[in-house]
Amino acid sequence: MASRFNALKADTHWQQVWDEAQTFAARDDSPRPRSYVLEMFPYPSGKIHMGHVRNYTMGDVLARFRRMTGHEVLHPMGWDAFGMPAENAAMEKKVHPGEWTRQNIAAMKAQLKRLGFALDWSRELATCDPSYYGHEQSLFLDFYRAGLVYRKESAVNWDPVDMTVLANEQVIDGRGWRSGALVEKRKLSQWFLRITRFADELLEGLGSLAHWPDKVRLMQENWIGKSQGLQFRFGLSDGDSVEVFTTRPDTIFGASFVAVAADHPIAQALAARDPAAAAFVERCKQGGTTAAELETQEKLGYDTGLTAAHPLGAGDLPVYIANFVLMDYGTGAVFGVPAHDQRDFEFASKYGLPIRRVVADGERTDPAFDGEEAYTGPGTLVNSRFLDGLAVEEAKRVVIERAEREGWGQGSTVYRLRDWGVSRQRYWGTPIPIIHCAACGEVPVPREQLPVALPEDVSFDVPGNPLERHPTWKHVTCPQCGGDALRDTDTLDTFADSSWYFIRFASQPEDRPFDRAQAERWLPVGQYIGGVEHAILHLLYARFWTRALRHVGLIDLAEPFTGLFTQGMVTHETYKAADGRWLAPEEVGGGLELASGLPVTVGRVEKMSKSKKNTVDPAPIVDQYGADAVRWFMLSDSPPERDLEWSENGIEGAWRFVQRLWRLFDALAEGPAGTGGDAALDRKLHQTIASVAADVEALSFNKAVAKLYELVNAIEKAAPSASRDTAVRALVRLVAPMVPHIAEEAWARVGAGGLVADAPWPAVDAALLVEDEVTVAIQVNGKLRDTLTLPKGLSREDVEAAALANDKVARALEGRAPRKVIVVPDRLVNVVA
RNA sequence: GCGGACGUGGCGGAAUCGGUAGACGCUGGGGACUUAAAAUCCUCUGCCAUCGGCGUGCGGGUUCGAGUCCCGCCGUCCGCACCA
């Protein structure tokens, strides 16, 4: 009697079995080859969303597959538990951030378990736990002692909504990455991590990351932004000097002005005594930051009245304050070569400055430059004394050599990358373990006093930092002199927390951040999976942190993640009501708004987001269809790096497939259905075993899914035989990584011992991968006319003869004699007439 | 503006090395079973058509042969952006 697969019952049962048997606990002392599979840990926002389901399903399939192929797999899970939403909840709901976070963790953990992920929960960690962040404080102090941490007064990006500082990486189009508020510039004393010390290493290291997407490597490369050039000084008419940086030292004789940023000391000094200059500086700061504004913004300058002496005696140049020069890059000052730089060209055109050609543009070699825009291409130097006749690259080298020989400048490398400002004026983060003493200055908190724990009794009734307002917490005695001192009341950027959690997963000693031997045994992470939105921020910080750990001698590891995969988003149609309100999918039916019966406008397919109300909560879907159907759907159709559109039809299709599997498994459990062999099915089975393995290794889950459908189709069509029973038995293991609950249920019912989770991946019989017959395409002049089934390995002559004997070929030739016959053995014949 | 990715049926997509385009899934049509429905099964489903022709964003090119390689456009998406 055919039964139906009861997903709800099976899910619960097998999840409990795995839990009790500790099936997925990684053994540190295992003799098997190790495999570290990791998905980016979630922020405990409240509940799991579809993006999590997709991310963790992919990692889970790989982790389970690796177990089946004989690996000791480390597949842990934890919580990126510090962050702003907890404080917002505290303000809105009057609940302590810690309590809110811990409740969310409990709820989300239950949801992850409900999906049957093969996770080692014994290694679970939360970054908000003092047993985690205390070790982070100790690492911070190690970095401090090694000179990788420093404090400086600097202009910072201030988010007026979140009331905190943002790192450069967290400012997008001039707005805070979380709040979307326009970022302001403020002067604050901040802690910085010296990521620029590793700029070159981080850039070079990208070359070793062969299993990272090119896109991500390129984004990091651009972010680090290395450029090489010449740094040199101009003497000024007031006796002072100004240092500039250029990547085009070859064009030095084309210089017609010097420009400094509005924040440059020269501009600041002038503004202090000249109200007009001050007004100009102020105006520069107001400029918009959006793409459109920048593109259309006019180049503006203010003539300081100073002149700069050309280092090679090519006259005196006027010095301007200019709105297009950035203080953050290079030296905050440039020399302008209008003929060969577009910005300089626009500036010179506006202020009537000379535009002198120094690089020949084809035929033109005379100094008079009358083009519509600057010439920035390659060429030969002209009007440049000793550089005349040299190519651009050669001339650069010659100028740098001469500057160094004569002592007025030196070759220099400049990076776009800035040091990582980590101070945040927030409560819910890792306290910075530094004490400020009037007598001793900055004093690190002694190791035995770690962790510096967050106080529990804090209030969120006013904006700003509760640690700053706390009556007692910040008042301490100086560890050095015993006098009154103050704790630093800032906390670390939460990206610090996620910069080493993958190391803590490998070992969790109480007295230190990690056990070096265990860490070096498990790391690097072989396959890391997460969203592409972390391509720069998290992935760059984690790479830096790992190198910093190596620098202070704590670990011998350069790159934390050798394999990276960035998965696409889960999307859904959007719906708008007649009056323009966004509608949730469950409010819509048959093109109408259910509540009002009015027609609904179907909008673009977009990333699921609360604001557009196009989210689908996984929880009720898992309860309705079971974990396996949801997992199967997540893996089907869309390539994992692309977006996946959630659809009701899709999940129903997945559910149907699970039931189809069950009918096969169930029939087999009733007893052997046939005897005798089925060579074609044997071959199909072994081809599927090989190709699904290859597809899973390559994370091409959609292709693996398609091949499994083909196998199931073939089995269903095959007549009863021993081969067919064998194929169904093997199918249980082939689908086990993707739909583990039904696989366990079937494994038990057919009487195989133990758990399918512990079973080995089916062995491939290589002999069965080879076909003995092939279908050969028969073309005439490149057009397909027929196909022939021929024995594999037939000689060229025989294949050609078979093709020429074909009557469809004869008809297509229309009496013409073949001029040439192309034979690709076992593939095709092309008769050319 | 710079850098990158992508463009294949009604839809998601497959085609791993230049060699039978459209695997697999979804949707849809027809049929079987059923009193009926659901479920399930069978079958068809790129376009036009009678032979046959046309088809991988558009226009060229290389080749016996191009979704795949080259040149030029168009479009969509992503990243960066006054970077000296």
Side-chain angles (χ1 to χ4, degrees), chain A residues 2 4 172-173 213-223 225-227 229-231 244-249 251 259 261 287 289-291 293-295 297-299 322-326 328-337 341-344 346-347 414-416 532-533 535-536 605 632-633 636-639 641-645 647-654 656-657 659-660 663 691 694-695 698 700 702-713 716 775-788 818-824 826-833:
Chain A
R4 212 154 189 208
I172 294 142
D173 285 340
D214 292 343
K215 175 194 169 88
V216 174
R217 284 189 302 188
L218 194 70
M219 279 165 71
Q220 292 214 352
E221 192 180 315
N222 291 339
W223 189 265
K226 180 179 184 172
S227 17
L230 173 69
Q231 199 162 315
V244 301
F245 172 76
T246 179
T247 56
R248 294 294 304 274
T251 62
T289 43
T290 66
E293 282 171 309
L294 281 178
E295 216 155 304
Q297 200 166 67
E298 202 178 1
K299 306 283 177 285
N323 64 346
F324 65 91
V325 182
L326 305 175
D328 298 348
Y329 188 78
T331 59
V334 299
F335 73 92
V337 183
D341 179 284
Q342 186 56 26
R343 289 158 309 164
D344 297 347
E346 288 169 33
F347 188 81
V414 161
Y415 298 90
R416 210 186 80 104
V532 72
E533 66 273 21
I536 296 173
V605 172
W632 186 258
F633 174 74
S636 304
D637 294 352
S638 285
E641 69 278 9
R642 275 196 231 168
D643 290 351
L644 170 77
E645 190 186 341
S647 78
E648 204 62 27
N649 287 332
I651 181 69
E652 272 170 19
R656 274 201 298 275
F657 179 72
Q659 295 300 337
R660 268 173 87 191
R663 285 193 289 277
S691 60
D695 288 337
S700 299
N702 57 321
K703 295 189 209 170
V705 161
K707 307 240 172 75
L708 288 166
Y709 268 115
E710 283 190 54
L711 178 62
V712 168
N713 290 345
E716 283 176 345
T775 307
V776 175
I778 308 299
Q779 300 178 335
V780 175
N781 290 334
K783 282 205 170 71
L784 185 71
R785 293 300 170 183
D786 202 0
T787 58
L788 293 177
R819 278 192 292 129
K820 193 171 167 188
V821 181
I822 310 277
V823 178
V824 182
D826 296 337
R827 286 216 85 116
L828 99 172
V829 181
N830 187 11
V831 180
V832 186

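In the text below, chain A, chain B and the rest are named by the order of the sequence lines, each starting its count at 1.
For the P atoms, the distance from A37(B) to G31(B) is 12 Å, rounded to whole Å. Separating the P atom of A84(B) from that of C70(B) is a span of 29 Å, rounded to the nearest Å. Rounded to a whole angstrom, the distance from the P atom of G57(B) to that of G13(B) is 14 Å. Across the P atoms, C80(B) and C41(B) are found 49 Å apart, a figure rounded to whole Å. The same atom, C1', is picked in U62(B) and in G46(B); the two are 28 Å apart, to the nearest Å. If you take atom C1' in U8(B) and the same atom in A23(B), they sit 13 Å apart, rounded to whole Å. If you take atom C1' in G60(B) and the same atom in A5(B), they sit 24 Å apart, rounded to whole Å.
Checked against A84(B), C54(B), A15(B), the side chain of K703(A) finds its nearest nucleotide in A15(B). The listed nucleotides are C26(B), C82(B), G3(B); the one nearest the side chain of N222(A) is G3(B). When distances run from any side-chain atom of N702(A) to the nucleotides A84(B), A14(B), C26(B), the shortest one goes to A14(B). Across A84(B), A23(B), G25(B), the shortest atom-to-atom separation from the side chain of D637(A) is found for G25(B). Each of A84(B), C78(B), U20(B) was ranked by its minimum atom distance to the side chain of L784(A); first place goes to U20(B). With C24(B), C41(B), A14(B) as the choices, the nucleotide that has an atom nearest any side-chain atom of R663(A) turns out to be C41(B). Side-chain proximity of K820(A) to the nucleotides G53(B), A84(B), C64(B) is greatest for C64(B). Distance from the side chain of P639(A) is smallest to A14(B) among U20(B), A14(B), A84(B). Out of G25(B), C64(B), A84(B), the shortest distance to the side chain of I822(A) is found at C64(B). In the set A84(B), C83(B), U20(B), C83(B) carries the atom at the smallest distance from any side-chain atom of R416(A).
The aromatic rings of W632(A) and F657(A) lie parallel to each other, their planes meeting at an angle below 30°, with 60° marking the opposite boundary.
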**Request:** Could you walk me through whether R217(A) and D214(A) pass side chain to side chain contact (heavy atoms under 4.5 Å, CB included), step by step?
**Result:** CA-CA 5 Å; R217(A) 284 189 302 188; D214(A) 292 343; 2.5 Å; yes
**Message:** D344(A) vs F324(A), test: side chain to side chain contact (heavy atoms under 4.5 Å, CB included). Steps then yes/no.
**Reply:** CA-CA 9 Å; D344(A) 297 347; F324(A) 65 91; 3.9 Å; yes
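Taking the syn range as angles within 90° of 0, the glycosidic angle of G9(B) is syn.
The two atoms that bring V532(A) and K215(A) nearest to each other are CG2-CE, 3.8 Å, heavy atoms only. Considering every non-hydrogen atom in both P818(A) and V831(A), the closest pair reads CB-CG1, 3.7 Å. The heavy-atom pair separating S647(A) from F633(A) by the smallest distance is N-CZ, 3.7 Å.
The separation between E221(A) atom CD and G3(B) atom P is 13 Å, rounded to whole Å. If you take CD of E648(A) and P of G25(B), they are 20 Å apart, rounded to a whole angstrom. The CZ-P distance, from R660(A) to G25(B), rounds to 7 Å in whole Å. Distance, E645(A) CD to G10(B) P: 17 Å, rounded to whole Å. One atom, CD of E652(A), and another, P of G25(B), lie 17 Å apart when rounded to the nearest Å. For D214(A) and G79(B), the CG to P distance is 18 Å, given to the nearest whole Å. In this structure, L828(A) atom CG and U63(B) atom C1' are separated by 14 Å, rounded to whole Å. Atom CD in Q220(A) sits about 17 Å away from atom P in G4(B), given to the nearest Å.
The pair D695(A)-K707(A) counts as a salt bridge, with a side-chain nitrogen and a carboxylate oxygen less than 4.0 angstrom apart.
Helical stems involving RNA chain B, defined as 3 or more consecutive Watson-Crick or G-U pairs under 3.5 Å, span B:1-7 with B:74-80, B:10-12 with B:24-26, B:28-32 with B:40-44, B:46-48 with B:52-54, B:57-61 with B:69-73.
Between Y709(A) and G25(B) there is no side-chain N or O to OP1 or OP2 distance below 4.0 Å. Side-chain N/O atoms of R656(A) include one lying less than 4.0 angstrom from OP1 or OP2 on U27(B). At the phosphate of A84(B), OP1 or OP2 sits under 4.0 Å from a side-chain N or O atom of S227(A).
For the atom pair OG1 (T775(A)) and CZ (R827(A)), the distance works out to 10.5 Å, reported to the nearest 0.5 Å.
In this structure, F245(A) reaches the bases: a heavy-atom distance under 4.0 Å links it to at least one base atom across the strands shown. Within the 4.0 angstrom heavy-atom criterion, base atoms lie near V334(A). If you check every strand for non-hydrogen atoms under 4.0 Å, N713(A) touches sugar and phosphate atoms only. Counting any heavy atom pair closer than 4.0 Å across all strands shown, R343(A) reaches a base atom. Counting non-hydrogen atoms under 4.0 angstrom, R785(A) reaches the backbone sugars and phosphates but no base. S647(A) comes within 4.0 angstrom of nothing in the nucleic acid, heavy atoms only. Here S638(A) lies in heavy-atom contact (under 4.0 Å) with sugar-phosphate atoms only. Looking at heavy-atom distances under 4.0 Å, V532(A) makes no contact with the nucleic acid at all. Note on R819(A): nothing from the nucleic acid sits closer than 4.0 angstrom, heavy atoms only.
Side-chain atoms of N830(A) and base atoms of C64(B) include a donor and an acceptor less than 3.5 Å apart. K299(A) contributes a side-chain N or O that forms a donor-acceptor pair with the base of C82(B) under 3.5 Å.
For R819(A) and N781(A), the side-chain atoms include no donor-acceptor pair closer than 3.5 Å.
Using a distance-only test at 3.5 Å, with no hydrogens or angles considered, a donor-acceptor pair links the side chain of N323(A) to the main chain of E298(A).
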